[in-house]
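The structure appears right after this line, and notes come after that.
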Amino acid sequence: MTVDELQNLAAQCSTLTDEELTSLLLSLPHHRPYSIDFFARFNDHAWPQRMMARTFHHHPIQRDGTFAVQEDAPRADDTALVARVAAAYGKSRSTCLGATDNMWLGTLNDLKAASREVLESADLPAIGGMLRNPAGAMLLFGFEGLHARALAKRSREGWVQLNHARIYDLLLQLCRATGATRVANPEASGGAEDTPGIDDMLAHLDDRLGFRVHFPNIYPLEAGLQTPRGLVGYRAVQALYLVWRMKQLLGERASPRILEIGAGLGWSAYYAMKAGFESYTLIDLPLSGAAQGYHIGRILGEENVAFWGEEQTAPVSILPPAAFEQLDGPFDLVVNVDSLTEMSESTARGYLAGARRLSGRFLSINHEANPFTVESLYRKMHGIKAQRSPCWMRKGYVEELIEFPEGQ
């Protein structure tokens, strides 16, 4: 089968269910010498087509910019930071992490066994090597696309096209959410949707967010849309949206205190500091906290981050789950994005109950594809108010603002 035939077949698959796709594959003529290589090439075209058809807000052909991969990364004197990360990880992993019946302490934890072994060793050069270049390990698997399993995909045309269109779509949707770009109306007659340039969108976002948007890239093989401000990555754009929502909810409140539960690489903490926030606390598993700590220390300055076991005087604090019950409120807002429904239900319920003790409001942006939902957690809680709506940025994600009554 030629590449053109594969692309035509892939286009048919963009709207099919998994069962229909399986039936189509089984119906292909049996005399053809199908191989593992054939199915790999088919998937290279079919999967991006299906992803774009189901998840995008904008036609994927209409996009701007160039997708690029950073081959090397800027060097830094990070010896002290690596040592602090290693020490904090050692102290954090000895604490209670909660119920283990979830993907983060189950399947994903097993995939990251080699990364854990490196961090648990006393070999600071090896630890530093993994933190500086996570593309060769599984440390960031689950919350960033920079890991060993992803490297083989980088040379595939389908992967490049998908991620180019995906990040452009997300950046455009951020502009629509903030009002920097009009929302297209499919009912209106006229021409095609606007396709604004990336530079223009970033300039508009500067005005809407109140700071100059920048994308520091510290890792080899980071990928994203090429701009004079750095490579625009998928998770960084989502973090910009979260900071915009927090600014909306907090209004003109001076020196707000934010608590984020589960924070990936900590992009939201970085942009919150750029937006003028003065206190940002992150609660996460020790392995994720190690990645966060190194990343935030590099892009924000290691003097601006404090780890578990250190004096908590820096604007950004990174703590393990065991510290959650020891926190003192009030926080102006507790947030969780893309992880609450991936925990065990008992752990998620505990975080929501704890948020009630620590703050008047909890912002959740999560999917509902797992056995329980955020709505099922707060539905039986007494006296709360909740606003529920689709998330601007990701189809299939629900944004819920939960407000707790005062004095409880």
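Remember, predicted model here, so these are calculated numbers, not experimental data. Residues take their numbers from the sequence shown, with the count starting at 1.
The line from CG of D194 to SG of C175 is 12.0 Å long, rounded to the nearest 0.5 Å. From L250, atom CG reaches atom OG of S255 across 11.5 Å, with rounding to the nearest 0.5 Å. Atom-to-atom distance recorded for L151:CG and L221:CG is 6.0 Å, nearest 0.5 angstrom. For the atom pair CG of L205 and CG of L171, the computed distance is 6.0 Å after rounding to the nearest 0.5 Å. To the nearest 0.5 Å, the span separating CD on E399 from CG on L242 amounts to 8.5 Å. Note: H295 NE2 to L300 CG = 10.5 Å, rounded to the nearest 0.5 Å.
In this structure the side chain of V243 never reaches within 4.5 angstrom of the side chain of Y270, judged on heavy atoms. The shortest side-chain heavy-atom distance between M130 and M138 does not fall under the 4.5 Å cut-off. By the 4.5 Å heavy-atom criterion applied to side chains, N336 and I365 are not counted as neighbours. Side-chain contact between S317 and Y280 is absent, with no heavy atoms from C-beta onward closer than 4.5 Å. For the pair I127 and L124, the minimum side-chain heavy-atom distance is below 4.5 Å. Looking only at side-chain heavy atoms (C-beta outward), W244 and L240 stay at 4.5 Å or farther from each other. Residues I218 and Y294 form a side-chain contact, since some pair of their non-hydrogen atoms from C-beta on lies under 4.5 Å apart. Taking the side chain as every heavy atom from C-beta outward, T100 and S344 never approach each other to under 4.5 Å.
When every heavy atom of I296 is checked against every heavy atom of L282, the shortest pair comes out as CD1-CD2, 4.3 Å. The minimum heavy-atom distance between V69 and A223, with the atom names listed, is CG2-CB, 4.0 Å. Contact between S279 and M273 at its shortest, heavy atoms only, is N-CE, 4.0 Å. The heavy-atom pair separating G142 from W104 by the smallest distance is O-CH2, 3.5 Å. Looking at every heavy atom in both residues, P220 comes nearest to A73 through N-CB, 3.5 Å. Between N217 and L231, the shortest heavy-atom distance links the atoms OD1-N, 2.8 Å.
A salt bridge (Lys or Arg N to Asp or Glu O under 4.0 Å) with D332 holds for exactly one of K247, R257, R253; it is R253. In summary, of the residues considered (H59, R63, Q62), a side-chain hydrogen bond (donor to acceptor under 3.5 Å, both in side chains) with T195 occurs for Q62 alone.
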Using the rule given for side-chain contact (heavy atoms from CB on, under 4.5 Å), can you reason through L327 versus I283, listing the C-alpha separation, both sets of side-chain angles and the distance that settles it, and then say yes or no? CA-CA 10 Å; L327 289 175; I283 295 284; 4.1 Å; yes

Please evaluate residues F67 and L162 with respect to the criterion side-chain contact (heavy atoms from CB on, under 4.5 Å), reporting the C-alpha separation (whole Å), side-chain torsions for both, the decisive distance (0.1 Å), and the verdict. CA-CA 10 Å; F67 190 82; L162 170 63; over 6 Å; no

Show your working on side-chain contact (heavy atoms from CB on, under 4.5 Å) between I258 and M246 and close with a plain yes or no. CA-CA 9 Å; I258 305 297; M246 291 192 291; 3.7 Å; yes

Tell me, with the steps shown, if D78 and R132 meet salt bridge (charged side-chain N to carboxylate O under 4.0 Å, His left out). CA-CA 9 Å; D78 61 1; R132 294 183 198 105; 2.7 Å; yes

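Between the side chains of D169 and H57, at least one donor-acceptor pair of N or O atoms lies under 3.5 Å. Donor-acceptor pairing under 3.5 Å is lacking for the side chains of S92 and T95. Counted by atom type alone, Y397 and Q238 present zero donor-acceptor pairs between their side chains at under 3.5 Å. Using modelled atom types, one finds no donor on one side chain facing an acceptor on the other under 3.5 Å when comparing E260 with T281.
Between F324 and Y351, the two ring planes are perpendicular [angle over 60°; tilted spans 30° to 60°].
Under the rule for a side-chain hydrogen bond (donor to acceptor under 3.5 Å, both in side chains), N102 has no partner lying at least two apart in sequence or in another chain. Residues forming a side-chain hydrogen bond (donor to acceptor under 3.5 Å, both in side chains) with E144 (at least two apart in sequence, or on another chain): W267. Partners of T178 according to the side-chain hydrogen bond (donor to acceptor under 3.5 Å, both in side chains) rule, which considers only residues two or more places apart in sequence or in another chain, do not exist here. Every salt bridge (Lys or Arg N to Asp or Glu O under 4.0 Å) that R229 has, sequence neighbours left out, goes to D206. Every salt bridge (Lys or Arg N to Asp or Glu O under 4.0 Å) that R93 has, sequence neighbours left out, goes to E120. Not a single salt bridge (Lys or Arg N to Asp or Glu O under 4.0 Å) links R208 to another residue, sequence neighbours left out. Take V232 and apply the side-chain contact (heavy atoms from CB on, under 4.5 Å) test, not counting sequence neighbours, and it matches I167, F215, L225, T227, V237. By the side-chain hydrogen bond (donor to acceptor under 3.5 Å, both in side chains) test, Q226 pairs with no residue at all, sequence neighbours left out.
Side-chain atoms of Q161 do not come within 3.5 Å of backbone N or O of P60 as any donor-acceptor pair. Panel note: side chain H164, backbone D64; a donor-acceptor pair is recorded below 3.5 Å. Under a 3.5 Å cut-off, the side chain of N163 and the backbone N or O of W159 do form a donor-acceptor pair. Listed for the Y271 side chain is a donor-acceptor partner under 3.5 Å among the backbone atoms of H214. At distances below 3.5 Å, at least one donor-acceptor pair connects side-chain atoms of Q292 with backbone N or O atoms of G264. Not a single donor-acceptor pair under 3.5 Å links the side chain of N304 to the backbone N or O of P315. Under a 3.5 Å cut-off, the side chain of N370 and the backbone N or O of F372 do not form any donor-acceptor pair. E222 places a side-chain N or O within 3.5 Å of a backbone atom of Y219 that can act as its donor or acceptor partner. In terms of modelled atom types and a separation under 3.5 Å, the side chain of Q70 and the main chain of A68 share no donor-acceptor contact. The backbone N or O of E342 sits nowhere less than 3.5 Å from a side-chain atom of S339 that would complete a donor-acceptor pair.
Residue pairs meeting the salt bridge (Lys or Arg N to Asp or Glu O under 4.0 Å) criterion with at least one member in residues 269-286, sequence neighbours excluded, do not occur. For residues 344-354, every residue pair satisfying the salt bridge (Lys or Arg N to Asp or Glu O under 4.0 Å) rule, not counting sequence neighbours, is listed here: E345-R349. For residues 101-118, no residue pair satisfies the salt bridge (Lys or Arg N to Asp or Glu O under 4.0 Å) rule, not counting sequence neighbours. Evaluation of the salt bridge (Lys or Arg N to Asp or Glu O under 4.0 Å) test over residues 381-394, restricted to residues two or more places apart or in two chains, returns D338-R394, E368-R388, R388-E400.
With Y234 as the aromatic partner, R166 meets the cation-pi criteria of under 6.0 angstrom to the ring centre and within 45 degrees of the ring axis.
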